Amino acid sequence: MNVAFRYAFQICIYVGFALLLGYFSQAPTYRPIPEGAAQVKLSFAHGGKPKGGCRDRTEAELQALAANMRKPQLCSRERVAVTIVFELDGVTVFEDALAPSGLRGDGPSQTYQKFTVPAGSHEVTLRLRNTTRTEGWDYQAHRVVELDAGQILAIDFDPSAGGFIISSPGSEG
């Protein structure tokens with residue numbers, strides 16, 4: 001092939017690729033949230049209370065251990081599952097008993113959930129249990145929120161901040 005033809009062919013390929021890249025950078029349009037809708041994100045990592053109690057080691061058990069390992073009590077590291085209930089406008093949209101992470105079940109329970117909802121006013125109710133009790137809730141939150149189209153409502157959990165943190169852009173959580 002002649003050299004001029006090769007260069008012309010390369011230029012055509014490069015221009016075609018640039019045009020294709022330019023097109024896909026602008027179209028088709030991507031919308032993470034559908035038109036007229038908002039999004040609610042429930043995301044947290046929280047460790048439940050320790051599952052088992054402690055027991056005293058016997059004298060024989062203590063003597064069998066190395067001197068630096070002789071702790072008089074043996075305590076379980078395992079944690080209870082964190083039970084979460086999320087209601088939106090009186091309807092339960094998410095309910096789960098989140099198992100603790102880690103090889104010994106001693107890490108935090110984690111979740112990340114996304115819900116697409118119509119824009120407008122919504123009643124948000126959250127309940128969380130992180131102890132061994134079977135009835136009632138350790139933390140509860142109830143709030144009416146106004147969501148604009150395209151807005152994202154973030155829900156987190158922090159026991160040191162009093163429980164659930166419900167915040168959205170332009171609000172004070």
Side-chain angles (χ1 to χ4, degrees), residues 17-54 71 73-173:
F17 182 73
L19 289 173
L20 193 65
L21 191 64
Y23 171 76
F24 282 117
S25 70
Q26 296 297 316
T29 57
Y30 170 71
R31 294 192 177 160
I33 302 171
E35 190 79 26
Q39 198 170 65
V40 178
K41 292 183 180 184
L42 171 66
S43 173
F44 67 86
H46 174 65
K49 302 291 183 202
K51 194 174 204 173
C54 297
K71 230 171 118 177
Q73 285 193 326
L74 180 62
C75 299
S76 172
R77 293 172 49 172
E78 191 175 0
R79 295 183 175 273
V80 298
V82 173
T83 303
I84 177 84
V85 174
F86 174 43
E87 293 178 1
L88 193 62
D89 299 325
V91 177
T92 301
V93 293
F94 180 70
E95 181 175 4
D96 201 0
L98 306 168
S101 60
L103 291 174
R104 295 188 179 189
D106 59 348
S109 301
Q110 303 172 27
T111 190
Y112 176 75
Q113 304 293 321
K114 291 192 301 189
F115 307 95
T116 302
V117 298
S121 182
H122 295 281
E123 188 178 330
V124 175
T125 304
L126 297 143
R127 296 181 185 91
L128 184 133
R129 182 182 310 121
N130 65 350
T131 57
T132 56
R133 67 197 268 180
T134 56
E135 296 294 322
W137 302 96
D138 298 312
Y139 296 92
Q140 294 187 57
H142 178 81
R143 186 173 304 167
V144 176
V145 294
E146 187 69 36
L147 297 174
D148 298 329
Q151 191 173 20
I152 297 173
L153 176 73
I155 302 173
D156 194 4
F157 181 79
D158 185 2
S160 64
F164 289 100
I165 301 167
I166 302 172
S167 61
S168 59
S171 73
E172 296 190 16

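Note that this is a predicted model, so its numbers are computed, not measured.
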message: Is it the case that the side chains of T111 and Q113 hold a donor-acceptor pair, with the cut-off being a distance below 3.5 Å and no angle test?
response: yes

Residues T116 and P34: closest non-hydrogen pair is CG2-CD, 3.8 Å

Between the NZ atom in K114 and the CG atom in L42, the distance rounded to the nearest 0.5 Å is 13.0 Å

### Message
Checking the side chain of R79 only, and the main-chain atoms of D106 only, is there a donor and an acceptor separated by less than 3.5 Å?
### Response
yes

Under 6.0 Å between ring centres: does that hold for Y112 and F44? no

dist I165:CD1 -> L126:CG (nearest 0.5 Å) comes out at 12.0 Å

Margin query: Is it the case that the side chain of R129 and the backbone of I84 share a donor-acceptor pair, with hydrogens and angles ignored and the cut-off at 3.5 Å?
Written below: no

Could you tell me if the side chain of L88 sits less than 4.5 Å from the side chain of V117, heavy atoms only? yes

When every non-hydrogen atom of P32 is compared with those of Q39, the smallest separation belongs to O-NE2, 4.3 Å

* Is there a side-chain contact between I166 and L153, using heavy atoms and a 4.5 Å cut-off? -> yes

Above 12 or not: heavy atoms from other molecules or residues under 6.0 Å from CD of Q26? no

**Asked** Is there a donor-acceptor contact under 3.5 Å from the side chain of D158 to the main chain of S160?
**Response** yes

Query raised in the report: Is D89 reaching over with its side chain to a backbone N or O of E123, donor-acceptor style, under 3.5 angstrom?
Result: yes

On a heavy-atom basis, the closest approach of A149 and A119 is N-CB, 3.6 Å

| said: Any heavy-atom pair between the side chains of V85 and F94 that's under 4.5 Å? | reply: no

Here the pair of heavy atoms bringing D156 nearest to S43 is OD1-O, 3.1 Å

Here the pair of heavy atoms bringing P159 nearest to Y139 is CB-OH, 3.4 Å

Note to self: So V40 and L147, do their side chains get closer than 4.5 Å, heavy atoms only?
What the structure shows: yes

### Query
Taking it one step at a time, do V144 and S121 satisfy side-chain contact (heavy atoms from CB on, under 4.5 Å)?
CA-CA 7 Å; V144 176; S121 182; 3.5 Å; yes

request  = Check whether any side-chain heavy atom of N130 sits under 4.5 Å from a side-chain heavy atom of H46, and report yes or no.
outcome  = yes

Nearest heavy-atom contact between P100 and A81 is CD-CA, 4.1 Å

(message) Are V82 and F157 packed together at the side-chain level, in the sense that at least one heavy-atom pair is separated by less than 4.5 angstrom?
(response) no

message: With a 6.0 Å cut-off (strictly less than), is the heavy-atom count around CZ of R104, excluding the residue itself, greater than 12?
response: no

Value for NZ (K51) from CZ (R77), rounded to nearest 0.5 Å, stands at 15.0 Å

Check: E135 main-chain N/O paired with R133 side-chain donor or acceptor under 3.5 Å: yes

Paired with F164, the side-chain contact (heavy atoms from CB on, under 4.5 Å) test is passed by just one of V124, I155, T125, namely I155

* To do: Identify whether the distance between the nearest side-chain nitrogen and carboxylate oxygen of R127 and D138 falls below 4.0 Å.
  => no

- Query: Under the 3.5 angstrom rule, does the side chain of S101 hit a backbone N or O of P108 as a donor-acceptor pair?
  - Reply: yes

